[in-house]
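Notes for the one structure printed next.
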Amino acid sequence: GENVEQHPSTLSVQEGDSAVIKCTYSDSASNYFPWYKQELGKRPQLIIDIRSNVGEKKDQRIAVTLNKTAKHFSLHITETQPEDSAVYFCAASIWETSYDKVIFGPGTSLSVIP
Amino acid sequence: GAVVSQHPSWVICKSGTSVKIECRSLDFQATTMFWYRQFPKQSLMLMATSNEGSKATYEQGVEKDKFLINHASLTLSTLTVTSAHPEDSSFYICSASSQPHRRRGKAQTNEKLFFGSGTQLSVL
């Protein structure tokens with residue numbers, strides 16, 4: 001089955017600096033890669049996603065890149081702010097007969113230091 | 001985005017009792033619902049996938065007799081933790097998908113998951 005790895009597990013950056021989180025996936029059939037932000041005790045919130053036919057996508061301070069050949073995808077947050085502090089999960093979606101199944105990476109705890 | 005309601009938000013129960021968690025899609029028909037479990041400081045682990053009107057598909061290592069899933073309508077899925085024990089204490093969260101059936105290779109439709117607010121289960 002699909003396996004998603006994520007690094008680093010924890011990340012601390014100074015406010016204003018950039019943060020990069022990297023993920024790899026195992027199943028080349030995966031075709032959709034969402035990123036979620038989760039605050040303690042809350043539901044995950046989709047912050048950006050990318051499909052397999054696109055190499056890069058940007059939304060204001062957040063960007064995601066995808067390398068299908070290497071099965072790598074990354075989240076880039078620029079000009080980080082304290083409110084960006086949270087746990088971030090990458091995920092990969094794989095088609096299972098009649099539905100897409102989303103498998104999550106282990107998460108990255110991001111701390112933005114004021 | 002679409003709204004998914006999950007109840008209860010938290011529950012405390014005695015060991016040996018059963019707990020039912022409901023997940024409702026309020027403004028769309030959820031053809032597929034997913035149940036995840038999340039232990040503290042860990043990732044969301046997929047437990048099972050339920051499709052309306054059919055049996056749930058459980059992930060490896062998840063006991064189907066322990067975690068009963070019912071998806072009786074296009075707007076409601078329930079997870080029942082039977083004979084709960086302290087090790088079942090966790091954050092359970094559902095998500096719903098409204099994507100229509102499609103075959104591999106066809107143009108992609110909206111694949112976003114809509115999450116419920118989660119249920120914190122504490123078994124004493």
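Reminder, nothing fancy here: chain letters follow the sequence lines and each chain counts from 1.
Using a 4.5 Å cut-off between heavy atoms, B:Thr57 touches chain A through its side chain atoms alone. Residue B:Ser117 touches chain A through both its backbone and its side chain, counting heavy-atom pairs closer than 4.5 Å. Contacts of A:Gln38 with chain B are made by side-chain atoms alone, with heavy-atom separations under 4.5 Å and no backbone atom involved. In this structure, chain A has a heavy atom under 4.5 Å from the side chain of B:Gln38, while its backbone stays farther away.
No chain of hydrophobic side-chain contacts below 4.5 Å, direct or via other Ile, Leu, Val, Met, Phe, Trp or Tyr residues, connects A:Ile94 to B:Met47. In the hydrophobic clustering of ILVMFWY residues, with side-chain heavy atoms under 4.5 Å counting as a link, A:Ile48 and A:Ile77 come out together. A continuous path of hydrophobic side-chain contacts links B:Trp35 to B:Tyr58 [ILVMFWY only; heavy atoms under 4.5 Å]. Residues A:Leu66 and A:Tyr88 are members of one and the same hydrophobic cluster, defined by side-chain heavy-atom contacts under 4.5 angstrom among Ile, Leu, Val, Met, Phe, Trp and Tyr. Cluster annotation: B:Tyr92 is connected to B:Val19 through the hydrophobic network of ILVMFWY side chains, with a link wherever side-chain heavy atoms come within less than 4.5 Å.
The shortest heavy-atom contact between A:Arg43 and B:Val4 is NH1-O, 3.6 Å. Contact detail for A:Tyr36 and B:Leu113: the closest heavy-atom pair is OH-CB, 3.9 Å. A pairwise comparison of heavy atoms in B:Leu44 and A:Phe89 identifies CD1-CE1, 4.0 Å as the closest pair. Smallest separation of non-hydrogen atoms from B:Ser43 and A:Phe104: OG-CB, 3.5 Å.
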Stepwise side chain to side chain contact (heavy atoms under 4.5 Å, CB included) check, A:Asp100 with B:Phe34
CA-CA 10 Å; A:Asp100 282 290; B:Phe34 304 89; 5.9 Å; no
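The number of heavy-atom neighbours closer than 6.0 Å to NZ of B:Lys66, taken from other residues, nucleotides and ligands shown, is above 12. Counting heavy-atom neighbours within 6.0 Å of A:Glu15 CD, excluding the residue itself, gives a total above 12. Heavy atoms of other residues, nucleotides or ligands lying less than 6.0 angstrom from CG of B:Leu124 number more than 12. More than 12 heavy atoms of other shown residues, nucleotides or ligands fall within 6.0 angstrom of atom CD in B:Glu87. By the neighbour-count criterion of 12 heavy atoms within 6.0 Å, atom CD of A:Gln45 is sparsely surrounded, having that number or fewer from other residues, nucleotides or ligands.
Options A:Ala91, A:Pro44, A:Pro34, A:Gly41 differ in how many heavy-atom pairs under 4.5 Å they form with chain B, and the most are formed by A:Pro44. Of all the listed residues (B:Glu59, B:Lys41, B:Met45), the one sharing the greatest number of non-hydrogen pairs under 4.5 Å with chain A is B:Glu59.
Considering NZ of A:Lys42 and CZ of B:Phe115, their distance stands at 15.5 Å, rounded to 0.5 Å.
Residue-level contacts of residues 105-114 of chain A with chain B, in order of numbering, are A:Gly105, A:Pro106; threshold 4.5 Å between heavy atoms.
Evaluation of the side-chain contact (heavy atoms from CB on, under 4.5 Å) rule for B:Gln42 yields B:Phe39 as partners, not counting sequence neighbours.
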